[in-house]
Amino acid sequence: MAAEESARRSPESLTEEQAERMLASMNEVIRAGEEMRGLRAEMIKVFVRFGWTQDRIARLTEMSQPAVSKQVAKYRQEDDAPPPLDLALDQHDIPWLEGRLWGLAEEIVETTGGVARCAGYVHAIARGKKRFTPQNVDALRRLVEEDLRTAGLPGGHRDAYDRISRGLDVPVRAAPTTAPASVRRALACQIQRDHLRHAP
């Protein structure tokens, strides 16, 4: 027992607090990796619903053909497969609106060359260090609002934010969706970005 206590106090040993700090960032990366793998699997399900070929899915996901084939076969065996997702920009469920906010923030960061106030939040979301909690969404909204006031961005960015903000402030009862929230956010993020890039 004395030897065990001595080892615990040895200056060569790590304290639990030191180990926790050292492993915190590693755990975040591992957790983000697991979440991204899960999101990729859900996105493959979306691609299957759209009737995409396995070759196309394998190329886009950078997965092996056998791995994609296994997942596609599993999804096609599911009963009552839902229809392809609605990809219209103006949808009112909260995950879709959060994804639009995320896409808008990413466009602001890119447009400003990475100096936008929301840049840190955008990077943290991309690395899985920030989740879409109500508190984090509110914080991102405040940063985006500040960027919209100070960065001289195109008017389309402000219009998009106003629509997103109204939707988040006064939620509309939306029809149930079959896709997970993470998939809804990822799709809305990309569609919002494309919309801003092709706006007149």
Side-chain angles (χ1 to χ4, degrees), residues 23-110 118 121-134 136-137 140 160 163-164 167-168 171-199:
L23 291 169
S25 60
M26 296 180 200
N27 289 338
E28 283 182 346
V29 171
I30 292 167
R31 187 164 50 245
E34 290 171 352
E35 290 173 356
M36 286 297 111
R37 280 192 292 275
L39 176 57
R40 184 177 65 179
E42 291 293 339
M43 292 305 300
I44 290 172
K45 191 183 296 187
V46 171
F47 301 151
V48 170
R49 290 186 205 170
F50 283 120
W52 288 13
T53 65
Q54 293 182 26
D55 286 341
R56 188 180 186 188
I57 294 171
R59 179 172 45 81
L60 292 171
T61 58
E62 297 183 354
M63 293 172 65
S64 70
Q65 179 72 29
V68 171
S69 181
K70 184 177 179 180
Q71 288 202 35
V72 169
K74 180 178 71 173
Y75 298 146
R76 284 183 174 156
Q77 288 171 2
E78 292 179 353
D79 294 331
D80 301 322
L85 296 174
D86 180 4
L87 299 182
L89 182 64
D90 288 321
Q91 298 186 59
H92 306 290
D93 57 290
I94 296 300
W96 189 266
L97 291 164
E98 290 171 345
R100 288 188 63 187
L101 177 67
W102 177 18
L104 172 60
E106 285 192 339
E107 279 299 302
I108 289 172
V109 171
E110 190 168 307
C118 65
Y121 245 76
V122 167
H123 297 320
I125 290 170
R127 292 194 301 269
K129 294 185 176 182
K130 293 283 186 188
R131 290 176 170 74
F132 284 90
T133 63
N136 286 342
V137 170
L140 181 58
R163 291 191 184 92
I164 295 164
L168 291 170
V172 174
R173 187 177 180 84
T177 58
T178 55
S182 59
V183 170
R184 301 279 298 158
R185 289 190 195 101
L187 289 169
C189 175
Q190 188 58 54
I191 290 167
Q192 179 64 74
R193 294 196 71 176
D194 290 344
H195 182 79
L196 288 169
R197 289 175 181 179
H198 298 109

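Since the structure is predicted, the reported quantities are computational estimates derived from the model, not experimental observations.
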Would Val122 and Ile108 satisfy side chain to side chain contact (heavy atoms under 4.5 Å, CB included), going step by step from the backbone distance to the final call?
CA-CA 10 Å; Val122 167; Ile108 289 172; over 6 Å; no
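- The side-chain hydrogen bond (donor to acceptor under 3.5 Å, both in side chains) search around Arg163 returns none, not counting sequence neighbours.
- Here salt bridge (charged side-chain N to carboxylate O under 4.0 Å, His left out) pairs that include residues 50-64, with residues two or more places apart or in two chains, number zero.
- Annotation for Gln192 and Leu104: closest pair CG-N, 3.9 Å, computed over non-hydrogen atoms.
- Using cut-offs of 30° and 60° on the angle between ring planes, the pair Phe132 and Trp102 is tilted.
- Annotation: side-chain hydrogen bond (donor to acceptor under 3.5 Å, both in side chains) contacts of Gln65 (sequence neighbours excluded): Gln54.
- Here the straight-line distance linking atom CD of Glu98 with atom OG1 of Thr133 works out to 8.5 Å at 0.5 Å rounding.
- Pairs engaging residues 99-110 under the salt bridge (charged side-chain N to carboxylate O under 4.0 Å, His left out) rule: Asp90-Arg100, Glu106-Arg193, Glu107-Arg193, Glu107-Arg197, Glu110-Arg193, Glu110-Arg197 [sequence neighbours left out].
- Between the side chain of Gln91 and the backbone N or O of Asp86, at least one donor-acceptor pair lies under 3.5 Å.
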Met36 vs Arg40, test: side chain to side chain contact (heavy atoms under 4.5 Å, CB included). Steps then yes/no.
CA-CA 6 Å; Met36 286 297 111; Arg40 184 177 65 179; over 6 Å; no
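- Legend: residues meeting side-chain contact (heavy atoms from CB on, under 4.5 Å) with Leu140, ordered by chain and number and at least two apart, are Leu101, Ala105, Cys118, Tyr121, Ile125, Val144.
- Residues that satisfy the side-chain contact (heavy atoms from CB on, under 4.5 Å) test with Ala124, not counting sequence neighbours, are Lys129, Lys130.
- The side-chain contact (heavy atoms from CB on, under 4.5 Å) test applied to Ala186 returns Leu39, not counting sequence neighbours.
- With sequence neighbours excluded, the residues that form a side-chain hydrogen bond (donor to acceptor under 3.5 Å, both in side chains) with Gln190 are Asp194.
- Under the 4.5 Å side-chain criterion, counting only non-hydrogen atoms from C-beta, Ile57 is not in contact with Gln71.
- Scanning for ring pair (Phe, Tyr, Trp, His ring centres under 6.0 Å) contacts around Trp96 gives an empty result, with sequence neighbours left out.
- Between Met43 atom CE and Leu187 atom CG the span is 4.0 Å, to the nearest 0.5 Å.
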Please evaluate residues Leu87 and Phe50 with respect to the criterion side chain to side chain contact (heavy atoms under 4.5 Å, CB included), reporting the C-alpha separation (whole Å), side-chain torsions for both, the decisive distance (0.1 Å), and the verdict.
CA-CA 11 Å; Leu87 299 182; Phe50 283 120; 3.8 Å; yes
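- With a 4.5 Å cut-off on side-chain heavy atoms, Ile94 and Arg184 do not count as touching.
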Pair Ile44, Met63 - check side chain to side chain contact (heavy atoms under 4.5 Å, CB included), show working.
CA-CA 11 Å; Ile44 290 172; Met63 293 172 65; 3.5 Å; yes
